[in-house]
Each structure stands twice: as structure tokens, then as C-alpha cells.
Amino acid sequence: MTIDLHMHSTCSDGTFTPTELAREAKAAGLTHVALTDHDTVEGVAEARAEAHRQGIAFLSGLEISAEYQPGTMHILGYGFDETSAPLLERLASVQRWRDERNPRIVEKLNHLGVALTLPEVEAVSGGGLVGRPHFAKVLMDKGYVKTRQEAFDRFLAKGGPAYVDKARLSPEESVALIRAAGGVAVLAHPLQLQAEDDDTLDAILGGLADAGLQGLECHYRNHTPEDTRRFLALAKGFGLLVTGGSDFHGTNRPGIRLGIGEGGLNVPMGCWEGLVGRGLGN
Ligand code: AMP
Ligand code: ZN
Ligand code: FE
Ligand code: FE
């Protein structure tokens with residue numbers, strides 16, 4: 001039994017289509033998976049169909065980028081009804097915010113002397129939503145930068161010369177939206193919050209738990225055993241379910257593999273059982 005509850009397809013910024021991803025999962029020996037694209041559930045039905053064809057257990061998923069300073073707060077949802085109208089409507093607003101932002105990034109880059117058009121960026125996105133990783137790919141393909149990281153460091157990172165902020169859902173609404181669609185809400189990769197100390201993290205988790213958060217992603221691609229122990233203790237303290245996954249993005253993030261992340265990931269079966277114990281799964 002090998003589990004991975006965090007992966008991205010071409011519907012957001014991964015490089016495999018949902019169908020290809022389910023086949024990759026099979027090839028990697030996975031038995032239980034969830035697709036967690038950023039701010040979209042477009043790939044869920046397709047991934048589920050192929051996962052089931054491959055004999056893999058599947059949970060619907062998504063990863064919402066919530067409003068938060070100074071780091072990054074991503075809220076994962078699992079096992080919701082991906083046809084839920086309120087969920088789809090709100091995700092459509094999030095998509096509009098993104099669509100408004102992308103031409104402004106193009107404009108900024110053009111002003112900086114980078115010759116690049118929106119259709120060129122859309123072309124590398126694989127047909128799903130268009131985000132900064134796709135801009136990074138085009139910057140690299142055109143020779144403006146040598147690596148994706150350089151594209152972020154020089155242009156696209158928060159505060160960078162081509163950075164454009166976008167409206168986001170609040171953490172509270174993100175949690176409520178997932179739960180209203182029948183899902184379980186989980187805080188992703190807590191290290192990315194960049195909480196300065198344990199007390200800060202405690203306060204953030206306490207606030208989210210009050211808002212209805214039900215789980216914490218304790219097992220993650222780059223966690224040290226010490227990180228994992230720390231987050232497991234926090235999950236226990238707040239009565240949260242434990243989840244985990246690789247955050248696989250295909251060739252957009254070389255070095256991250258399904259199931260094992262950067263090599264040391266090993267998501268326990270109990271994570272799946274915890275989610276399914278809440279009445280989810282198929
Ligand atoms: P977007 O949703 O368009 O704002 O893009 C967010 C994605 O860009 C994240 O999921 C990361 O993959 C990537 N990203 C954001 N900031 C950085 C950074 N400083 N360095 C490298 N990648 C980044
Ligand atoms: Zn991503
Ligand atoms: Fe994330
Ligand atoms: Fe992710």
C-alpha cells in the first residue's frame with residue numbers, strides 16, 4: 001500500500017494530464033491517491049475514472065491558495081462533491097481574479113524588456129489555469145533565465161519586478177467552502193506559512209481549527225523526521241487528522257517523485273483511513 005494525497009495535473013501547474021497522472025501513479029506503485037490542483041476541480045472526474053481503471057483508490061481533492069501574510073497558506077480539500085454548485089461558483093471567481101492578473105504580469109515583463117505574450121504562456125499551460133510557473137517556463141524557454149528558480153528570483157517572486165498580487169479567498173471561507181461541499185479541510189505544508197516560532201504556529205492553527213479545519217499535512221516531500229514529529233504532535237494537540245503527499249508537479253518540479261517526494265516521504269495508510277473514516281472515499 002502506497003499513498004500520495006497531494007499532486008498536480010495540467011489543470012493547474014503540473015505537466016501530466018489527469019489521465020497520465022493516474023497512469024504514473026500506477027507505475028509508481030501507488031494504491032491510494034487524491035488529485036489536488038490549485039483552485040480548480042476540473043481534473044477530478046477524469047483522474048478518478050483512470051485511477052479506478054488502474055485499480056487505484058481515489059479521493060477528490062483541491063488546494064486553495066488562501067489570503068495570508070507573510071508566507072503562503074494553502075488549504076487542501078478532500079472527498080467533497082466536485083459538482084457542488086457553490087464550490088464551482090466560488091472557484092470561478094478565483095479563476096477570474098487569475099485571468100485579470102495574467103495580462104498585467106505580461107505588461108510588467110514587456111516593460112522590463114522581456115518579449116513575451118499571453119498566448120505563449122497559455123500554450124505551455126497544457127490548457128488548465130495559467131500561473132507564475134508557466135511564465136517561468138516561457139522565460140526559460142526563451143533564454144531570459146537559465147532556471148525556473150531564476151525566473152522567480154529575478155522577476156516573478158512576491159515583491160519582484162513582475163509580481164502582481166491577486167485576490168484570494170480568506171482561510172475561513174476556504175475551509176467553509178470545502179466543508180459545505182461535503183469535504184474535509186486540511187492545512188497544507190505548514191512550513192510554508194513561515195511562522196516565526198511555535199507560538200505563532202499554534203495561534204494560526206488554533207484560529208483555523210476554530211474555523212472548522214479538520215486536518216494537517218504532517219507528511220510532506222521535504223519534511224525532516226523532526227518536522228514530521230513536530231507537526232504530528234500539533235495535529236494531536238488540536239485533534240486534527242493527519243495527511244501527507246509529495247506535491248508532485250511532473251517535470252515542472254524535477255526531483256520530486258510520486259509517493260516518495262524528495263526520497264524520504266512515506267505516507268502512512270492511517271492517513272487514508274482517517275479521511276475515509278469521515279465518510280469519504282470511493
Ligand atoms: P501562482 O498561483 O500563479 O501565484 O503561482 C504560485 C506557484 O508559483 C507556487 O505554487 C510555486 O510553485 C511557484 N512559486 C511561487 N513563489 C515562488 C518562488 N519564490 N520560488 C519558486 N517558485 C515559486
Ligand atoms: Zn503548484
Ligand atoms: Fe501548496
Ligand atoms: Fe500543491
Side-chain angles (χ1 to χ4, degrees), residues 6-17 36-43 62-75 88-171 173-174 188-189 191-196 221-222 247-256:
H6 193 155
M7 58 187 76
H8 297 265
S9 77
T10 46
C11 293
S12 62
D13 54 352
T15 55
F16 291 102
T17 66
T36 53
D37 275 312
H38 299 284
D39 301 320
T40 180
V41 297
E42 213 177 289
L62 93 165
E63 183 176 25
I64 299 178
S65 300
E67 210 171 10
Y68 174 77
Q69 297 283 350
T72 296
M73 183 185 283
H74 287 173
I75 311 274
L88 291 173
E89 275 165 29
R90 211 58 185 125
L91 292 178
S93 327
V94 174
Q95 182 66 50
R96 274 195 300 279
W97 298 334
R98 194 178 273 286
D99 291 343
E100 287 162 13
R101 170 209 215 192
N102 287 330
R104 296 175 56 208
I105 299 182
V106 172
E107 222 169 89
K108 283 198 163 185
L109 284 170
N110 290 165
H111 278 300
L112 291 162
V114 174
L116 158 159
T117 66
L118 193 53
E120 288 170 340
V121 185
E122 285 164 353
V124 305
S125 76
L129 59 78
V130 175
R132 284 180 287 160
H134 305 116
F135 282 89
K137 173 84 166 60
V138 174
L139 284 168
M140 198 170 74
D141 290 349
K142 292 196 155 195
Y144 287 103
V145 294
K146 288 204 171 57
T147 63
R148 290 180 179 79
Q149 192 54 50
E150 189 189 343
F152 277 92
D153 294 345
R154 280 181 52 202
F155 296 105
L156 299 166
K158 203 172 194 169
Y163 180 71
V164 178
D165 207 1
K166 68 177 189 302
R168 294 161 194 266
L169 298 179
S170 71
E173 186 182 354
S174 305
H189 42 62
L191 284 179
Q192 290 184 26
L193 294 170
Q194 294 172 26
E196 61 211 28
R221 59 178 168 86
N222 64 353
D247 212 352
F248 182 73
H249 281 70
T251 57
N252 275 344
R253 288 205 196 157
I256 298 175

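Predicted, not measured: the structure shown is a model, and the values here were computed from it.
- Under the side-chain contact (heavy atoms from CB on, under 4.5 Å) rule, L116 has a single partner from V138, D141, I105, which is V138.
- The closest side-chain heavy-atom distance from N102 to V121 is not below 4.5 Å.
- Between L156 and A136, the shortest heavy-atom distance links the atoms CD1-N, 3.7 Å.
- Contact annotation: the side chain of H249 never approaches that of T15 to less than 4.5 Å [non-hydrogen atoms, C-beta and beyond].
- Two residues are said to be in side-chain contact when any heavy atoms from C-beta on lie closer than 4.5 Å; L169 and W97 meet this criterion.
- Residue pairs satisfying the salt bridge (charged side-chain N to carboxylate O under 4.0 Å, His left out) criterion with at least one member in residues 158-171, sequence neighbours excluded, are absent.
- Side-chain atoms of L88 and V41, non-hydrogen and from C-beta on, do get closer than 4.5 Å to each other.
- Minimum heavy-atom separation, Y163 to R101: CE1-NH2, 3.8 Å.
- For the atom pair CZ of R104 and NZ of K108, the computed distance is 7.0 Å after rounding to the nearest 0.5 Å.
- Side-chain contact check for E63 versus H6: some heavy-atom pair is nearer than 4.5 Å.
- Closest approach of C11 and T40 over heavy atoms only: O-CG2, 3.6 Å.
- Within the model, atoms CG of L129 and CD of E122 stand 11.5 Å from one another, a figure rounded to the nearest 0.5 Å.
- Of the possible donor and acceptor atoms, none in the side chain of R221 sits under 3.5 Å from a partner among the backbone N and O of D247.
- A 4.5 Å side-chain heavy-atom check between F152 and V145 finds every atom pair outside the cut-off.
- Using the six-membered ring where Trp is involved, H74 and H38 have ring planes that are perpendicular, over 60° apart on the 30 and 60° scheme.
- Side chains of V114 and F155 form a contact here, defined as non-hydrogen atoms less than 4.5 Å apart.
- Residue F135 holds its CZ atom at 11.0 Å from CD of E120, rounded to the nearest 0.5 Å.
- Once rounded to the nearest 0.5 Å, the distance linking CD of E100 with CD of Q95 reads 11.0 Å.
- With hydrogens and angles ignored, the 3.5 Å screen pairs no side-chain donor or acceptor of R90 with any backbone N or O of E173.
- The backbone N or O of P171 lies less than 3.5 Å from no partner atom in the side chain of Y68, so there is not a single donor-acceptor pair.
- By the salt bridge (Lys or Arg N to Asp or Glu O under 4.0 Å) test, D39 is found to be paired with R98, residues two or more places apart in sequence or in another chain being considered.
- Atom CZ of residue R148 and atom NE2 of residue H134 lie 10.0 Å apart, to the nearest 0.5 angstrom.
- Rounded to the nearest 0.5 angstrom, R253 CZ and D13 CG are separated by 6.5 Å.
- Scanning both residues, I75 and A66, for their nearest heavy atoms gives CG1-CB, 4.2 Å.
- G126 and T10 make their closest contact through O-CB, 4.0 Å (heavy atoms, listed as atom of the first residue, atom of the second, distance).
- Looking at D37 and S9, their side chains do bring a donor and an acceptor atom within 3.5 Å of each other.
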